[in-house]
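Owing to the predicted nature of the structure, the values given are computational and were not obtained by experimental measurement.
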Amino acid sequence: MSELNVVVIGGVSCGPKSAARLKRLMPKANVTLIERGQDISYGGCGLPYYIGATVKELNDLMTTSWDAVRTPEFMKATKDIDTLLGWEATKIDREKKVVAVKDVKTGEEKELPYDKVVIATGSSNFKPPIKNIDATGVFGVKTPSDGVAIQNYLKGGVGSAVVIGAGLIGMETAEAFANWGIDVTVIEMMDQVFPKMIDKDMAAVVQDYLEKEDMNFMLSTAVKEIKVDADGKVCGVITDKGELDCEIVLVAAGVRPEISLAQEAGLETDRTIVVNEYMQTSDPDIYAGGDCVSVTNRISGEKIFAPMGSTSNKHGRIIGTNIAQGNSQKFPGVLGTSICKMFDWSIGKVGLTEADAVRLGFDVATCVVPGPDITHFMPGKKLIMVKTVADKKTARVLGVQIVGPGNVDKRIDTMAGAFSANPQLTAYDMANMDLAYAPPFSSAVDNLLTNANVMQNELEGRAHSYGFFEALEKFKDENVEFVDLRCCDEVKAMPFELPRLHHIPIEELRARAGELPKDKEIVVFCILSTRGYEAQLILENAGFENVHFIKGGIMFWPFKKYM
């Protein structure tokens with residue numbers, strides 16, 4: 001095994017990680033890294049930040065923690081890995097045990113013998129069937145050269161942009177365009193932003209914030225054609241809801257796994273390359289990882305396509321270990337953890353969304369609780385809104401989503417750690433997590449614990465609440481009366497006009513409950529919903545039989561434009 005020959009196909013994340021890990025464990029192994037592009041081991045997820053000039057130099061996406069650029073020379077000098085940059089693997093001959101490769105520029109061909117192969121071919125941008133999608137001024141974001149091309153085009157002068165797709169890359173690049181002072185419109189076929197990441201209610205809150213940052217959205221809209229001028233340059237788009245002028249179009253309609261090499265080699269594939277828990281393909285001498293494989297969702301148990309750089313790096317380390325040590329490590333799967341920064345807000349998610357859980361057949365309960373990210377009396381506090389999804393039958397927590405200007409990431413990571421240790425985590429377990437507390441860092445009962453306590457009230461049938469969309473429908477119902485529980489100063493600072501509205505501060509509700517009709521439904525609300533549950537209990541104890549509160553209060557209310 002001292003002269004093991006390993007060919008690694010793909011040089012972005014999983015490939016270099018597996019090669020480096022293998023060389024650390026087996027220094028005498030002969031490892032050759034193949035990459036058809038002109039860059040290796042780069043942070044592709046940082047491209048929107050380069051486009052938006054947050055990252056100043058392109059090389060910053062390709063450096064180590066000590067600012068050394070990862071070049072073939074660097075890989076050889078530091079890791080003893082041979083790198084063929086600008087070479088494409090064209091065939092894996094499993095009988096001869098060779099990988100055929102070709103120089104992309106010269107067409108030169110040669111064969112590399114192997115004992116083991118790692119396929120880390122990643123994914124490619126999906127190009128929807130839109131007329132003129134290859135016109136000048138239409139871009140995708142995948143490689144460093146894409147980032148350079150977009151920046152250069154922007155420097156030529158662009159007044160307005162259209163982004164097709166409201167997923168992570170599309171939204172992050174839309175922000176990058178906005179940072180150039182460009183008028184940005186995001187067009188999405190689904191009826192919400194971040195459609196695969198968060199639920200529609202949370203997305204409505206995020207969209208409301210982004211519209212205040214002067215971003216524009218066309219949802220439930222399909223692009224039919226990209227308009228071009230006499231020189232073949234983009235001048236607009238035609239959608240099923242009308243036309244829009246623009247000078248640049250970004251297509252961010254998702255990615256597709258690169259599996260053709262594996263298919264031609266006769267490996268088992270579905271929509272991705274099929275691997276076992278050791279990241280091994282149907283050929284025991286060939287491993288695969290990164291964006292070209294599916295992973296197991298640890299909450300639902302289903303196989304999902306979840307392309308993430310963080311997952312690719314884990315795959316690479318496990319593959320390198322298993323080649324060196326004989327399948328000693330298993331990849332446990334993912335939790336669907338993701339996070340995004342948009343201007344001053346963060347949007348994070350771990351586990352299943354409500355939509356996911358309903359699709360999978362869970363009997364779903366949800367709660368939404370906003371609050372400050374540190375103790376309310378401390379300066380510098382910022383709001384976040386937490387949504388928890390659980391299974392009514394078992395009280396098992398299925399997922400958490402958090403949005404807002406406050407500290408989102410530490411709570412998403414806290415839940416990711418909790419789910420990793422116990423995917424069967426219940427609301428009771430969540431409520432009793434022993435989190436660090438001091439006023440500058442959190443409340444004595446952190447947002448996550450408060451959310452879990454509220455969830456227990458929902459699961460046990462004590463709390464009766466409506467989400468934003470349900471409440472919006474109730475506004476139209478003449479048999480529903482509304483009670484604003486806020487004090488007078490709060491009402492003046494943030495007016496919230498409704499039909500059939502009573503203003504009764506929570507401190508006066510017991511004494512003034514008689515002012516409300518018992519033969520109608522009563523819906524109560526406040527700023528953050530902390531008084532809503534209390535008011536529901538007060539009115540129920542006073543003999544009211546149909547009382548609900550607005551889940552999440554009105555601080556993040558996303559529908560003011562409809563009222």
Under 4.0 Å between a Lys/Arg side-chain N and an Asp/Glu carboxylate O for [X] and [Y]?
X	Y	answer
D240	K224	no
E88	K105	no
D60	K56	no
K387	E354	yes

Donor-acceptor pairs under 3.5 Å, side chain of residues 168-175 to any protein atom, not counting sequence neighbours: which ones?
| from | atom 1 | to | atom 2 | distance (Å) |
| --- | --- | --- | --- | --- |
| E172 | OE2 | Y49 | OH | 3.4 |
| T173 | OG1 | I169 | O | 2.8 |
| E175 | OE2 | F343 | N | 2.7 |

Please name the pair of heavy atoms, one in G320 and one in L22, separated by the smallest distance, quoted to 0.1 Å.
O-CD1, 3.8 Å
Closest heavy-atom contact between I374 and P379?
CD1-O, 3.7 Å
How about [atom1] on [X], more than 12 heavy atoms from neighbouring residues, nucleotides or ligands closer than 6.0 Å, or not?
X	atom1	result
R317	CZ	no
K131	NZ	no
K241	NZ	yes
M433	CE	yes
K227	NZ	yes

Going by ring-ring contact (aromatic ring centres under 6.0 Å, His included), name the residues that satisfy it together with Y153, two or more places apart in sequence or in a different chain.
F139
For the side chain of T281 and the backbone of Y287, is there at least one donor-acceptor N/O pair under 3.5 Å apart?
no
Any chance you could measure D201, atom CG, to F556, atom CZ, to the nearest 0.5 Å?
12.5 Å
Check: S13/N313 side-chain N/O donor and acceptor closer than 3.5 Å:
no
Residues that T90 engages under side chain to side chain donor-acceptor pair (under 3.5 Å), provided they are two or more places apart
none
Taking only residues two or more places apart in sequence, or in another chain, which ones meet E213 in a salt bridge (charged side-chain N to carboxylate O under 4.0 Å, His left out)?
none
Looking at residues at least two apart in the chain, or sitting in another chain, which of them share a salt bridge (charged side-chain N to carboxylate O under 4.0 Å, His left out) with K127?
D134
Listed pairs under 3.5 Å, donor-acceptor, residues 407-415 side chains, sequence neighbours left out:
| from | atom 1 | to | atom 2 | distance (Å) |
| --- | --- | --- | --- | --- |
| N407 | OD1 | K410 | N | 3.3 |
| K410 | NZ | F441 | O | 2.9 |
| R411 | NE | D446 | OD1 | 3.2 |
| R411 | NE | D446 | OD2 | 3.2 |
| R411 | NE | N447 | OD1 | 3.4 |
| R411 | NH1 | N407 | O | 2.8 |
| R411 | NH2 | D373 | O | 2.7 |
| R411 | NH2 | D446 | OD1 | 2.8 |
| R411 | NH2 | N447 | OD1 | 3.3 |
| T414 | OG1 | K410 | O | 2.7 |

